[in-house]
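Taking it in order: structure first as structure tokens, then the write-up.
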Amino acid sequence: MEKMLVCIQCPQGCKLTVSHSGEGVSVTGNKCPRGASYAQQELINPCRTLTTTVRTAFVDFPLLPVRTLGEIPLKSVFGAMGEISRLVVKKRLRPGDVVLEKLYNTDVALIATDDMTMGEKYAKGSEDYGRDGILS
Amino acid sequence: MSGAKWDVAVIGAGPAGLAAAIAANKAGARVCLVERESRPGGILKQCIHDGFGLVRFGQKLSGPEYAWRDIQLAKERGIKLFTDTFLLELEAREEGFVLTLQNSEQAVFQIVTRALVAATGCRERSARQVFIHGQRPAGVYTAGTVQRLINIGGHLPGKNCVILGSGDIGLIMARRLTLEGAKVQGVYEIKAEPSGLTRNIVQCLEDYNIPLHLGATVTKVHGSERVEAVTISQVDENLRALPGTEEYVPCDTLVLSVGLIPENDMLLPLGVQIDPRTGGPAVDQLMATGQAGLYSCGNALHVNDLVDYVSESGEIAGSSAARFSLGKPDRPCHLPVIPQGDIQYVVPQKLDIAAGGQAVLYFRSARTIANASLEISAGGQVLLQKKYKAVRPPEMERIVLDLALLPPGTEELSLNLRG
Ligand SMILES: Cc1cc2nc3c(=O)[nH]c(=O)nc-3n(C[C@H](O)[C@H](O)[C@H](O)COP(=O)(O)OP(=O)(O)OC[C@H]3O[C@@H](n4cnc5c(N)ncnc54)[C@H](O)[C@@H]3O)c2cc1C
């Protein structure tokens, strides 16, 4: 059986042909090894990086952009969004800081991708009213 | 009445301006960055999705992460950043450029700079520019505005959306709106092929079962207070609406993703020559415009699809501006770069052969071509040939040319793209 896929690992968007016979899966059309592993994964369980925002307790930086540190199953995306919608960040984080160790039944961490210390209030030296702990 | 003197001033602290400021600072120039918003980072602040930095960092970063790397560098180097500061007026004088600026701390003030880098980015085409008329009900937004409302403000602008135009920002927003709980009825594209990257069609539309309708456009917006519906029509090969194909699609929000226009209004009083093909100034490979000491880069120069190349053009502009300011630059000797065949545009539009070295050329094809070949020639001689499996208008191509290859007495260089 043959299946056509477009690789989404980079903007090149290679057109992949995946054929699986008895012995396994073969991939053609990929310009780099990432294409092959993408196609294999895509057949078993499509996975994506999730990027979104988390609410914060800071008026000058009300939303913190976040992403998953690795990919999560596409089918878990809405569940993950639900979990994320209940979070409130109460500490000023910087890119790479972990917001949540394990997002929604996965082993994948959710990390901050922006620098909350660049918020106006903080930058201008007013009091940081974050309490202990990152999340409520 | 003129204030502080700088070697290089950069307008706009997006990725292009940050890269320009850092490069000029590395070259020893005293640099300041002027930004009208309260934080540096430009449009990347709201581009929270990933896919930035593959070329430059070998990583898939989100927009804010990508910008943050340069912001940190600029901070470490002590580059002066004026935020919340608006450029009111720009004037070219004997001693350099006089910039009239405004902010809440210094009110209206002036600075003088020998060299100036314009890195003001682009703006989005709006409803009026795509000829959507009607009563102007609430609920018509550009994709970038929707992106800002959701990702920075935390407001969902509507619950039932139609997206007009298949540019990347529209595709990204189709996914974003869906993730935040809105229903996206579909993406409508007037042309026969999508204008965004294929990977965005896959990961933004197909992943979420959002339909893409090609050869169709919005011909009417219904509703007086708020959008209630749009009429969609199929178009013929001349992009004219076909009578009898109208479809009434109820929605509360119409999102426009119909293209970007380089922002160069502030340069117009200086009489800078704008290339009608790119919408940005005509430059040479040093990013020098026709006006001595004035450089352009990033989306103000031409609309880029990858931020990595925006940063590259910023670096070139910044180091060229520093060289102009600090050294005694050679008199430029320009020859035109002529786009031929299926080339939509080429940047730079001219080459300064006195500068020597290598020139980075960026171009776009006018149409999708499989197995295309590019030929760069000068003085009847072919200097460089390259084959492409496919070229598509949304995907900018980049090629490096060694100017030593130019035969003596060359009067023009041509780029010819053929199927
Ligand atoms: C909505 C949107 C989404 C995009 N999404 C992607 C994407 O997913 N991936 C990608 O690779 N590229 C994307 N792009 C393209 C992206 O714009 C470029 O990759 C890059 O951010 C452009 O950088 P820049 O520095 O040229 O412009 P910008 O990032 O726009 O920065 C220009 C800066 O100049 C400032 N400015 C303008 N005029 C003045 C003035 N008169 N005085 C003072 N300051 C001024 C602005 O406030 C802004 O901060 C997107 C573009 C837009 C508009």
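Chain naming here is simple, since letters A, B, ... match the order of the sequence lines and numbering starts at 1 in each. This is a predicted model, so every value here is computed, not measured.
In this structure the side chain of A:T51 never reaches within 4.5 angstrom of the side chain of B:R176, judged on heavy atoms. Side-chain contact between A:T52 and B:E180 is present, with at least one heavy-atom pair separated by less than 4.5 Å. When side chains are defined from C-beta on, A:R48 does not count as touching B:R175, because their heavy atoms never get closer than 4.5 Å.
Looking at B:L197, the atoms closer than 4.5 Å to chain A (heavy atoms on both sides) all sit in the side chain, from C-beta outward. For a residue to count as touching a neighbouring chain, one of its non-hydrogen atoms must lie under 4.5 Å from one of that chain's; by this rule A:C7 touches chain B with the backbone only. Interface remark: A:I111 contributes side-chain atoms only to the contact with chain B (heavy atom separation under 4.5 Å). Residue contact with chain A, scored on non-hydrogen atoms closer than 4.5 Å, involves the backbone and the side chain of B:T178 alike. Heavy atoms closer than 4.5 Å to chain B are found nowhere in A:L64, neither backbone nor side chain. Using a 4.5 Å cut-off between heavy atoms, B:R392 does not touch chain A at all. Contacts of A:R55 with chain B are absent, with no heavy-atom separation under 4.5 Å from either backbone or side chain. If you measure heavy-atom distances from A:T53 to chain B, the contacts under 4.5 Å come from both the backbone and the side chain.
Ranking B:I150, B:N151, B:L61, B:I201 against chain A, the residue ahead of the rest is B:N151, based on heavy-atom pairs under 4.5 Å. Ranked by heavy-atom pairs under 4.5 Å with chain A, the list B:Q203, B:E206, B:K45, B:E395 is led by B:Q203.
Distance CD1/A:I8 to CG/B:N200: 9.0 Å, rounded to 0.5 Å. Taking NZ from A:K15 and OG1 from B:T198, the interatomic distance works out to 5.0 Å, rounded to the nearest 0.5 Å. Here the straight-line distance linking atom CZ of A:R67 with atom NE2 of B:H49 works out to 13.0 Å at 0.5 Å rounding.
Residues that satisfy the side chain to side chain contact (heavy atoms under 4.5 Å, CB included) test with B:L149, not counting sequence neighbours, are B:Y141, B:T145, B:H155, B:P157. Judged as a side-chain hydrogen bond (donor to acceptor under 3.5 Å, both in side chains), and not counting sequence neighbours, B:E397 has no contacts. With sequence neighbours left out, the side-chain hydrogen bond (donor to acceptor under 3.5 Å, both in side chains) criterion links B:Y309 to no other residue.
Across all non-hydrogen atoms, the minimal contact from A:K31 to B:K389 is CE-CD, 4.4 Å. The minimum heavy-atom distance between A:V77 and B:L179, with the atom names listed, is CG1-CD2, 3.3 Å. Here the closest non-hydrogen pair linking B:R39 and A:D115 is NH1-O, 4.4 Å.
Residues of residues 62-74 of chain B lying under 4.5 angstrom from chain A, judged on non-hydrogen atoms, are B:S62, B:P64, B:E65, B:W68, B:I71, B:Q72 in numerical order.
Within a 6.0 Å sphere centred on NZ of B:K60, heavy atoms belonging to other residues, nucleotides or ligands number more than 12.
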